[in-house]
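These notes concern the structure reproduced below.
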Protein chains: 2
Amino acid sequence: MAELSDSTSETANSNSETVATKVEPLEVSLSPQERFSEYLQSRGLRQTSQRKFLIDQVFSQHEHFDAEELIERLPRRGEANYVSTATVYRTLRECVDAGLLNSFQLDGRTVYDHDYGYPQHDHLYCTRCRKLLEFQSDELVEIRDQMAALHGFRVESHRMIISGVCRECSRRRRKKRKQDLV
Amino acid sequence: MAELSDSTSETANSNSETVATKVEPLEVSLSPQERFSEYLQSRGLRQTSQRKFLIDQVFSQHEHFDAEELIERLPRRGEANYVSTATVYRTLRECVDAGLLNSFQLDGRTVYDHDYGYPQHDHLYCTRCRKLLEFQSDELVEIRDQMAALHGFRVESHRMIISGVCRECSRRRRKKRKQDLV
DNA sequence: ATTCATGCAAATTCTTTGCATCAGC
DNA sequence: GCTGATGCAAAGAATTTGCATGAAT
């Protein structure tokens with residue numbers, strides 16, 4: 001349903017201070033696969049072919065997805081490497097526990113986001129094409145901590161989503177309006 | 001399920017700059033009821049006893065709630081002023097359209113928040129007691145606009161939720177730990 | 001009179017669970 | 001071999017929808 005996220009760099013626009021414009025992979029010592037192994041071992045859980053396969057799939061591309069989308073691109077029942085829906089849901093949850101994925105709710109569905117190997121970031125959500133874009137802001141985190149402190153809150157995490165219309169959709173719309181006038 | 005929100009003022013804590021500590025009602029010329037009437041009229045929709053009753057209920061206290069909680073405190077089937085689940089859901093949606101309520105997803109449920117008559121604000125969510133606290137930050141809005149501009153986004157709205165542990169729950173926990181040591 | 005709104009129950013959607021069987025360790 | 005993991009189907013939870021009836025304009 002939702003489209004791939006576009007983490008292409010967007011250089012200076014109207015506003016160009018010292019703000020990060022990209023969310024680039026971090027240097028990490030362990031692969032997601034290895035990291036997951038450690039997690040499993042630490043809890044006495046098992047290394048199964050399904051889990052390995054799913055981690056591979058999930059980290060094969062840096063994009064946001066929901067359970068449905070993941071299942072769609074997985075082998076069907078009867079095919080090699082088939083994994084049942086139940087196991088997909090169970091494994092996604094484990095990925096979140098393991099710190100590999102982050103999850104949040106959007107339009108009623110649960111969206112997953114690579115956590116391991118990527119810096120903390122937030123999202124711009126286009127309500128027209130449903131694309132999710134990432135952004136980073138240290139200032140945002142400062143404000144978060146300030147607000148939390150003010151209310152005696154110990155921060156565990158935060159989630160910010162800016163909804164609106166992306167550049168492409170605005171262009172498309174403008175173009176369409178022009179055409180309509182002709 | 002979720003508790004009432006506590007919009008009690010929290011004055012200067014560790015961090016006291018010029019930050020708002022309260023989310024107070026705004027002056028509005030129309031009551032929610034009147035505002036909803038206008039919305040209905042403008043769309044040729046009807047003024048029904050169920051709708052009136054629901055608006056009264058929804059605005060009788062400033063708190064966050066979900067459909068289930070609302071339905072729970074409404075008259076049961078057979079009693080006076082009974083409103084069916086379907087109508088509750090339909091009306092909540094209309095309230096959002098009408099700009100009376102805001103809705104967002106939290107822990108899989110849809111939470112509603114008074115929009116009309118209250119200033120824009122964001123939330124602190126206690127993962128222990130599930131309480132929602134409000135905060136306001138103009139700086140946050142500035143950063144939002146800056147980030148949006150940077151990506152060529154036209155902002156429609158945003159949603160920020162800071163999750164963590166509230167003061168009361170921290171206290172409770174600390175107390176419990178002390179007791180455990182005795 | 002029209003047409004929209006309501007109540008009801010059934011349908012949806014997304015996700016979780018119970019349980020028999022299977023497979024890591 | 002023990003115990004956790006999987007697949008399956010069935011159950012759940014939250015919300016929506018189809019439709020006949022009732023009510024607002």
Side-chain angles (χ1 to χ4, degrees), chain A residues 1-2 33 36-55 57 64-72 74-98 101 103-112 130, chain B residues 1-2 33 36-55 57 64-72 74-98 101 103-112 130:
Chain A
M1 263 167 206
Q33 205 59 260
F36 196 53
S37 287
E38 287 208 338
Y39 165 84
L40 292 173
Q41 288 212 325
S42 74
R43 303 216 181 182
L45 303 178
R46 284 162 191 179
Q47 197 86 39
T48 68
S49 64
Q50 288 91 334
R51 282 177 175 152
K52 271 184 216 149
F53 183 72
L54 286 176
I55 300 292
Q57 290 303 309
H64 306 88
F65 63 93
D66 60 22
E68 212 187 325
E69 288 164 353
L70 176 58
I71 290 167
E72 236 159 63
L74 254 33
R76 314 282 153 195
R77 189 185 303 200
E79 296 178 17
N81 285 321
Y82 167 72
V83 181
S84 70
T85 338
T87 297
V88 170
Y89 278 102
R90 288 189 275 236
T91 307
L92 285 175
R93 191 193 288 251
E94 290 164 344
C95 284
V96 173
D97 282 354
L101 296 178
S103 71
F104 55 101
Q105 313 277 136
L106 191 58
D107 281 347
R109 62 196 189 120
T110 302
V111 178
Y112 296 90
R130 308 206 151 189
Chain B
M1 264 169 202
Q33 205 58 262
F36 196 53
S37 287
E38 286 207 339
Y39 166 83
L40 292 174
Q41 288 212 325
S42 74
R43 303 215 179 183
L45 302 177
R46 285 162 190 177
Q47 197 85 41
T48 67
S49 63
Q50 288 91 334
R51 282 176 175 153
K52 271 184 215 149
F53 183 71
L54 286 175
I55 301 293
Q57 290 303 309
H64 306 88
F65 63 94
D66 60 22
E68 212 187 326
E69 288 164 354
L70 176 58
I71 289 167
E72 236 160 62
L74 254 35
R76 313 283 153 194
R77 188 184 305 198
E79 297 178 18
N81 284 321
Y82 168 72
V83 181
S84 72
T85 340
T87 297
V88 170
Y89 277 102
R90 287 190 275 238
T91 306
L92 285 174
R93 192 194 288 250
E94 290 164 344
C95 284
V96 173
D97 283 354
L101 296 177
S103 71
F104 55 101
Q105 312 279 135
L106 191 58
D107 282 347
R109 63 196 188 119
T110 302
V111 177
Y112 295 89
R130 310 207 150 188

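Letters A, B, ... are given to chains in the order of the sequence lines, protein chains preceding strands, and every chain is numbered from 1.
D107(A) has its CG atom 14 Å from the C1' atom of dT13(C), to the nearest Å. For the pair I71(B) CD1 and dT16(D) P, the interatomic distance rounds to 11 Å; values are reported in whole Å. Look at OH on Y89(A): it is 16 Å from P on dC8(D), rounded to the nearest Å. A straight line from CG of D66(A) to P of dC14(C) spans 8 Å, rounded to a whole angstrom. One atom, CG of L92(A), and another, P of dC14(C), lie 14 Å apart when rounded to the nearest Å. Between the CD atom of Q105(B) and the C1' atom of dT13(C) there is a distance of 13 Å, rounded to whole Å. Atom P of nucleotide dC14(C) and atom CD of E69(A) are separated by 11 Å, given to the nearest angstrom. One atom, CZ of R90(B), and another, P of dT6(C), lie 7 Å apart when rounded to the nearest Å.
The distance from atom CZ of F104(B) to atom CZ of R109(B), rounded to the nearest 0.5 Å, is 8.0 Å.
Across I71(A) and R76(A), no two heavy atoms sit closer than the pair O-NH1, 4.3 Å. In this structure, S103(A) and T110(A) approach most closely via the heavy-atom pair CB-CG2, 3.9 Å. Nearest heavy-atom pair, L101(B) versus Y112(B), reported as atom, atom and distance to 0.1 Å: CD1-CD2, 4.1 Å. Closest of all the heavy-atom pairs between Q47(B) and S37(B) is NE2-OG, 3.0 Å. Across every non-hydrogen atom of P75(A) and Y82(A), the tightest pair is O-CD1, 3.4 Å.
Picking from dC8(D), dT16(C), dG7(C) the nucleotide with the shortest atom distance to the side chain of R93(A) gives dT16(C). Relative to the side chain of A86(A), the nucleotides dT6(C), dC14(C), dA9(D) differ in distance, and dA9(D) lies closest.
Listed by residue number, the members of residues 38-54 of chain B with any heavy atom below 4.0 angstrom from DNA chain C are L45(B), R46(B), T48(B), Q50(B), R51(B).
Proximity of S84(A) to the phosphate of dT6(D): no side-chain N or O atom is located under 4.0 Å from OP1 or OP2. Checking the phosphate oxygens (OP1, OP2) of dT15(D), a side-chain nitrogen or oxygen of T110(B) falls inside 4.0 Å.
A donor-acceptor contact shorter than 3.5 Å links the side chain of Q33(A) to the backbone of K52(A).
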